[in-house]
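The chain is numbered in sequence order, starting from 1.
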Amino acid sequence: DDAQSIYGFRAANVSNILGFEKDQDATKIILDTNYRSSSGIVSLSNFSINHNINQFTKTCKAYDSRPHKPKKFSASTPIEEAVFIAEE
């Protein structure tokens with residue numbers, strides 16, 4: 001998935017994904033339904049991802065239609081972040 005930034009820490013190169021269809025004579029299949037996050041989280045993700053110029057253009061949708069709104073929180077330390085998450 002070209003939108004998964006988690007692979008960056010492994011020195012992954014997104015061009016491998018973006019060029020795979022052409023380089024391997026493959027068929028692209030877009031999986032665009034998120035089964036774990038609410039529609040509010042998926043909408044925020046779509047907004048953020050759409051600013052990426054190196055991507056397959058897509059709009060994800062949430063299976064869970066609850067309009068749960070994400071909260072913005074900035075922690076000063078990992079401990080402060082952990083406490084906030086645990087309390088939520």
For residues 17-24, tabulate all N or O donor-acceptor pairs below 3.5 Å that involve a side-chain atom, not counting sequence neighbours.
none

>> Check this for me: Phe73, atom CZ, are more than 12 non-hydrogen atoms of other residues, nucleotides or ligands nearer than 6.0 Å?
In response: yes

>> Just checking Tyr63: does its OH atom have more than 12 heavy atoms from other residues, nucleotides or ligands closer to it than 6.0 angstrom?
In response: no

> Can you tell me how far the OG1 atom of Thr33 sits from the CG atom of Asp64, to the nearest 0.5 Å?
Replying inline: 12.5 Å

> Between atom OG of Ser45 and atom CG of Asn50, what is the distance when rounded to the nearest 0.5 Å?
Replying inline: 10.5 Å

> For Ile85, does the CD1 atom have more than 12 heavy-atom neighbours from other residues, nucleotides or ligands under 6.0 Å away?
Replying inline: yes

> Can you name the closest pair of heavy atoms from Ser37 and Ala62 and give their distance?
Replying inline: O-CB, 3.6 Å

>> I need the minimum non-hydrogen distance between Glu80 and Ser74, along with the two atoms involved.
In response: OE2-O, 4.3 Å

>> Given 3.5 Å as the limit, does a donor-acceptor pair link the side chain of Asn46 with the main chain of Cys60, or not?
In response: yes

>> Using side-chain heavy atoms (C-beta onward) and a distance below 4.5 Å, is Lys61 in contact with Asp32?
In response: yes

